[in-house]
Amino acid sequence: MDTVWGLDIGGTKCALVCGNAEGSTLFRYEIATRDCADWRDVLETLLRRAPEQKPLAVGVSCGGPLDSVRGKILSPPNLPGWDEVPVVAWLEERLGVPAYLQNDANACALAEWKYGAGRGTKNMVFLTFGTGLGAGLILDGHLYAGTNDMAGEIGHVRCEKDGPVGYGKAGSFEGFCSGGGIAQLSGGVSAKDVAARADQGDAEMTAVLRNSAEHLGMCLSVLIDLLNPQRIVIGSIYARAERHFREIVAQVIAREALEYAASVCQVVPAELGDRIGDVAAMTVAWNGLKERERHA
């Protein structure tokens with residue numbers, strides 16, 4: 001059976017997964033990042049538990065900044081000491097198979113496009129809407145990462161003169177549409193608890209979610225007008241609390257976006273749930289092989 005490996009690299013935990021072309025996970029091994037001395041120790045520890053069968057390729061999903069073309073991880077804030085890490089070259093030399101690297105938003109976009117809520121589309125946007133707000137872009141049937149992997153940073157765009165801080169900028173879309181932003185709007189209540197209290201009829205928490213939903217609608221309207229996607233897939237907080245967002249978001253889009261573009265765009269929650277990190281890393285490998293064949 002043809003398989004690939006995926007490495008999901010995070011500040012808290014890292015995992016190695018093995019899967020097939022249908023997106024099924026056949027093997028998984030996870031470690032705590034802090035238990036390892038450095039990036040080499042992380043990779044060595046994971047590979048020691050890898051399956052014996054050599055994969056077709058390895059995909060790496062990691063928070064940015066990174067350089068997918070050079071295959072290097074560039075000092076992510078949640079991975080101290082991971083400076084100019086040549087992860088692709090290291091894996092290829094060690095394993096003798098192609099390796100590919102993408103930031104986590106792009107990797108998740110690929111996963112939802114191939115196996116989740118974006119299946120069947122040619123133009124799709126994936127929004128993280130979790131700790132932060134970032135977008136992965138599938139345009140004309142291919143991942144679009146930009147000149148240096150910075151495409152899709154919609155969370156950094158300022159939508160109000162002032163407001164909660166996200167992505168280092170007060171009044172940004174991330175300030176209103178992220179876990180940290182919702183906590184600021186609610187006086188320190190977590191997004192999960194805000195939704196729970198809103199479900200119980202708490203007017204103040206309901207207003208917080210309405211505020212977030214209105215700004216999310218503005219964010220999506222910009223993406224619709226700019227990119228004309230068929231589908232916008234939203235993960236994490238939106239996927240878990242869609243009931244508090246769906247109607248308000250639709251109202252704002254109807255008011256703000258170009259009608260002709262909005263009429264062909266669906267806004268849907270992500271489907272992969274807790275599996276998305278594993279599937280994303282493997283999908284980076286499958287997509288890398290596909291793009292390699294396309295450019296051969």
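Residue pairs satisfying the side chain to side chain donor-acceptor pair (under 3.5 Å) criterion with at least one member in residues 263-272, sequence neighbours excluded, are listed as follows: Arg119-Glu271, Arg231-Gln266.
The distance from atom CG of Leu43 to atom CG of Asp38, rounded to the nearest 0.5 Å, is 9.0 Å. Taking SG of Cys177 as the start and CZ of Phe129 as the end, the distance is 5.0 Å to the nearest 0.5 Å. Annotation: the span from Ser178 atom OG to Gln184 atom CD amounts to 7.0 Å, rounded to 0.5 Å. To the nearest 0.5 Å, atom CG of residue Asn228 and atom CG of residue Leu139 are 10.5 Å apart. From Cys62, atom SG reaches atom CH2 of Trp39 across 12.5 Å, with rounding to the nearest 0.5 Å. The CG atom of Leu137 lies 8.5 Å from the CE atom of Met124; values are rounded to the nearest 0.5 Å.
Inter-residue side-chain proximity for Thr25 and Met282 is flagged as met; some heavy-atom pair is nearer than 4.5 Å. Met205 places none of its side-chain heavy atoms less than 4.5 Å from the side chain of His244. Contact check for Cys159 versus Val222: no side-chain heavy atoms found under the 4.5 Å cut-off. At least one side-chain heavy atom of Phe27 sits under 4.5 Å from a side-chain heavy atom of Leu16. By the 4.5 Å heavy-atom criterion applied to side chains, Ile73 and Leu101 are counted as neighbours. In this structure, the side chains of Leu127 and Leu223 come closer than 4.5 Å at one or more pairs of heavy atoms. Counting heavy atoms from C-beta on, the side chains of Val17 and Asp8 never come closer than 4.5 Å. Put simply, the side chain of Pro269 does not reach to within 4.5 Å of the side chain of Phe245, judged on heavy atoms.
Glu214 places no side-chain N or O within donor-acceptor distance of the main-chain N or O of Ile248, the cut-off being under 3.5 Å. Judged by distance alone, with hydrogens and angles left aside, the side-chain atoms of Ser172 form a donor-acceptor pair with the main-chain N or O of Gly166 at under 3.5 Å. Of the possible polar contacts, none joining the Glu30 side chain to the Ala15 backbone as a donor-acceptor pair under 3.5 Å is found. Asp149 contributes a side-chain N or O that, together with a main-chain N or O of Ser68, makes up a donor-acceptor pair within less than 3.5 Å. Between the side chain of Gln102 and the backbone N or O of Ala107, no donor-acceptor pair lies under 3.5 Å. No side-chain donor-acceptor contact under 3.5 Å links Lys72 to the backbone of Asp67. Between the Glu112 side chain and the Ala117 main chain, a donor and an acceptor come within less than 3.5 Å of each other.
Residues passing the side chain to side chain contact (heavy atoms under 4.5 Å, CB included) test with Thr131, sequence neighbours excluded: none. Partners of Asn20 by side chain to side chain donor-acceptor pair (under 3.5 Å), not counting sequence neighbours: none found. By the side chain to side chain contact (heavy atoms under 4.5 Å, CB included) test, Gln53 is found to be paired with Thr3, residues two or more places apart in sequence or in another chain being considered. The side chain to side chain donor-acceptor pair (under 3.5 Å) test applied to Ser24 returns no partner, not counting sequence neighbours.
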Give the C-alpha distance, both sets of side-chain angles, the deciding distance and a yes or no for side chain to side chain contact (heavy atoms under 4.5 Å, CB included) between Cys219 and Ile154. CA-CA 8 Å; Cys219 175; Ile154 188 68; 3.4 Å; yes
Which is it for Leu258 and Ile224 under the side chain to side chain contact (heavy atoms under 4.5 Å, CB included) test, yes or no, and what are the steps along the way? CA-CA 8 Å; Leu258 288 166; Ile224 289 169; over 6 Å; no
Candidate pair Leu110 and Phe126, rule side chain to side chain contact (heavy atoms under 4.5 Å, CB included), full reasoning: CA-CA 9 Å; Leu110 287 168; Phe126 172 80; over 6 Å; no
Between Leu216 and Ile234, is a side chain to side chain contact (heavy atoms under 4.5 Å, CB included) present by the stated rule, with each step listed? CA-CA 10 Å; Leu216 179 62; Ile234 315 178; 4.2 Å; yes
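When the shell of 6.0 Å around CZ of Arg294 is examined, it contains more than 12 heavy atoms from other residues, nucleotides or ligands. A 6.0 Å sphere centred on CZ of Arg210 holds no more than 12 heavy atoms belonging to other residues, nucleotides or ligands. Other residues, nucleotides and ligands place more than 12 heavy atoms under 6.0 Å from the CD atom of Gln251. No more than 12 heavy atoms of other residues, nucleotides or ligands sit less than 6.0 Å from atom CZ of Arg292.
Glu293 and Lys290 are not joined by a salt bridge, as no carboxylate oxygen comes within less than 4.0 angstrom of a charged side-chain nitrogen.
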Side-chain polar contacts of residues 85-95 - donor-acceptor pairs under 3.5 angstrom, sequence neighbours left out - could you list them?
from  : atom 1 : to    : atom 2 : distance (Å)
Glu92 : OE2    : Ala99 : N      : 3.0
Arg94 : NH1    : Glu44 : OE1    : 2.6
Arg94 : NH1    : Glu44 : OE2    : 3.1
Arg94 : NH2    : Glu44 : OE1    : 3.4

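In the model, Ser75 has a side-chain atom that pairs as donor or acceptor with a side-chain atom of Asp83 under 3.5 Å.
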